[in-house]
Protein chains: 2
Amino acid sequence: MGIRADYVTRPREWIASILAREPRFLSAAQIHQGLERDGARVSLSTVYRTLDRLQAKGDITARPDADGEVTYMLCEPTRHHHHAICRSCGRVEDVDCAAMEQFAESLRARNGFELDGHAIEFFGKCGACR
Amino acid sequence: MGIRADYVTRPREWIASILAREPRFLSAAQIHQGLERDGARVSLSTVYRTLDRLQAKGDITARPDADGEVTYMLCEPTRHHHHAICRSCGRVEDVDCAAMEQFAESLRARNGFELDGHAIEFFGKCGACR
DNA sequence: CCTCATTTGCGAACTATTCGCAAAAATCCC
DNA sequence: GGGATTTTTGCGAATAGTTCGCAAATGAGG
């Protein structure tokens, strides 16, 4: 009669494995296509539900792309960092940066703006695409 | 017989005036509601079309919010700057910042990442909301 | 294996956005 | 100003991404 949560299911494992091997932001539809290519048939609903779960757990980062379609990527929540996103292949590289933190703090002092967070993304071409 | 473009119409003036008086990102629906409150009846289609036009002209900045809904704000395209967004009232303040530019350049040198752009947003509480 | 809570798949529902087309409005020229 | 011409508008339908309800399938514990 107690609550038994967090079942380990195949759809969840498959979806996690897709995310684990792609260092870029993927839409729910792209993940669904990846599953089909692997021969794993999972409904789009389940993809969405699993992504919501992973986001609630803090395992993935969600980001609406320029058109407003939401995309997701595995992302360690423990270490604070920013992203460098390749305009050509979409690969995301982490940018761990203390200097940025300092800058944000100085802004608080200067503008009287009570800073409690920031979002930073760099765009360009990664090594492989140049 | 030549091309006559850029008509000045009431819907366009009304929409521009809504944007001009709100220092925050507004969705198409919010703009539409604002128009109705002013007694200006304009179709949602026209709101979307006008926003597309303004964006193409470079007069406004579009930004998908956390849920993927696209929001718009008047934004001088000439001066490069970043935003400080109040989590409480949504007010957007410009952050003009040369130091940020320098930082981005140094990143290029360090990571071999061919940088061609970046997006930076600071979140927190503005003076009025504290 | 047997039971029971959780999860899945399906299709329908919803929301934001776009599109086609006929009617209305703006511009130009006289 | 009046008329011809082009652009713009409004409407409703279409589309795309996402969510939801519910019956059937699956995972966990005994």
Side-chain angles (χ1 to χ4, degrees), chain A residues 1-19 22 24-57 59-73 90, chain B residues 1-19 22 24-57 59-73 90:
Chain A
M1 209 183 252
I3 296 173
R4 278 176 290 186
D6 258 349
Y7 281 33
V8 176
T9 69
R10 283 177 196 167
R12 286 177 182 171
E13 288 175 335
W14 291 334
I15 291 167
S17 91
I18 293 268
L19 286 168
E22 288 288 346
R24 63 200 96 239
F25 282 93
L26 299 174
S27 66
Q30 287 175 317
I31 292 168
H32 189 243
Q33 287 159 20
L35 292 167
E36 289 208 324
R37 242 178 277 114
D38 292 0
R41 90 177 183 306
V42 177
S43 77
L44 200 48
S45 305
T46 295
V47 173
Y48 277 109
R49 281 184 292 226
T50 302
L51 290 170
D52 287 348
R53 252 176 58 92
L54 290 172
Q55 193 180 4
K57 285 208 314 174
D59 289 347
I60 65 178
T61 295
R63 184 182 91 96
D65 71 10
D67 304 321
E69 190 174 7
V70 183
T71 57
Y72 305 85
M73 191 180 66
Chain B
M1 212 182 250
I3 297 172
R4 280 175 291 186
D6 258 348
Y7 281 35
V8 176
T9 69
R10 283 177 197 168
R12 286 177 183 171
E13 289 174 337
W14 291 333
I15 291 167
S17 90
I18 292 268
L19 286 167
E22 287 288 346
R24 62 201 99 239
F25 282 93
L26 299 174
S27 67
Q30 288 175 316
I31 292 168
H32 188 245
Q33 287 159 19
L35 291 167
E36 289 207 324
R37 243 179 276 115
D38 292 0
R41 90 178 184 306
V42 177
S43 75
L44 200 47
S45 305
T46 295
V47 173
Y48 277 110
R49 282 184 293 226
T50 301
L51 290 170
D52 287 348
R53 253 176 58 91
L54 290 173
Q55 193 181 4
K57 285 206 315 173
D59 289 347
I60 64 178
T61 295
R63 185 182 90 96
D65 72 10
D67 304 321
E69 190 174 6
V70 183
T71 57
Y72 305 86
M73 190 181 66

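The figures here come from the full heavy-atom set of this structure, side chains too, leaving out hydrogens, waters and symmetry mates. Quick note on labels: first sequence line is chain A, next is B, and so on, each numbered from 1. Just so it is clear, the model here is predicted, and its values are computed rather than measured.
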> Out of D:dA28, D:dT18, C:dG9, which nucleotide sits closest to the side chain of A:Val8?
Replying inline: D:dA28
> Atom CD of B:Glu69 and atom C1' of C:dT18: how far apart are they, to the nearest Å?
Replying inline: 15 Å
> Got a donor-acceptor pair under 3.5 Å from the side chain of B:Tyr7 to the base of D:dT6?
Replying inline: yes
>> Nearest whole Å is fine: how far is D:dG21 P from A:Arg49 CZ?
In response: 11 Å
> Rounded to the nearest 0.5 Å, what separation is found between the CD1 atom of B:Ile15 and the OG1 atom of B:Thr50?
Replying inline: 3.5 Å
> Rounded to the Å, how far apart are A:Leu51 CG and D:dT18 P?
Replying inline: 10 Å
> Per the atom types in the model, does the base of D:dG10 pair as donor or acceptor with the side chain of B:Arg41 at under 3.5 Å?
Replying inline: no
>> As a quick check of understanding, evaluate side chain to side chain contact (heavy atoms under 4.5 Å, CB included) for B:Thr61 and B:Phe25, giving each step before the final call.
In response: CA-CA 9 Å; B:Thr61 295; B:Phe25 282 93; 4.2 Å; yes
> Can B:Asp6 and B:Arg12 be counted as an ion pair, charged N to O under 4.0 angstrom?
Replying inline: no
>> Strictly below 4.0 Å: does B:Thr9 bring a side-chain N or O up to OP1 or OP2 of D:dT7?
In response: no
>> When you measure from the side chain of B:Thr71 to the backbone of B:Asp65, do you find a donor-acceptor pair of N or O atoms at a distance under 3.5 Å?
In response: no
>> Measure CD/B:Glu13 against C1'/C:dA26 and give the value in whole Å, please.
In response: 11 Å
> Separation of B:Glu36 atom CD from D:dG10 atom C1', in whole Å?
Replying inline: 13 Å
>> With a 6.0 Å cut-off (strictly less than), is the heavy-atom count around CZ of B:Arg53, excluding the residue itself, greater than 12?
In response: yes
> Rounded to whole angstroms, how far apart are CZ on B:Arg10 and P on C:dA24?
Replying inline: 15 Å
> What integer distance in Å separates A:Leu54:CG from C:dT7:P?
Replying inline: 12 Å
> Hey, does the side chain of A:Thr46 come within less than 4.0 Å of C:dG9's phosphate (OP1/OP2), counting only N and O?
Replying inline: yes
>> If you go through the side-chain atoms of B:Ser45, does one of them form a donor-acceptor pair with the base of D:dG12 closer than 3.5 Å?
In response: yes
> If you find the nucleotide of DNA chain D closest to A:Pro11 and the one closest to A:Gly68, which residue's nucleotide is nearer the 5' end?
Replying inline: A:Gly68
> What is the distance from OH of B:Tyr48 to C1' of D:dT8, rounded to the nearest Å?
Replying inline: 19 Å
> Taking atom types as they are modelled, is there a donor-acceptor pair under 3.5 Å from the base of D:dG27 to the side chain of A:Arg12?
Replying inline: no
> Between A:Ser43 and B:Ala28, which is nearer to the 5' end of DNA chain C once each is assigned its nearest nucleotide?
Replying inline: A:Ser43
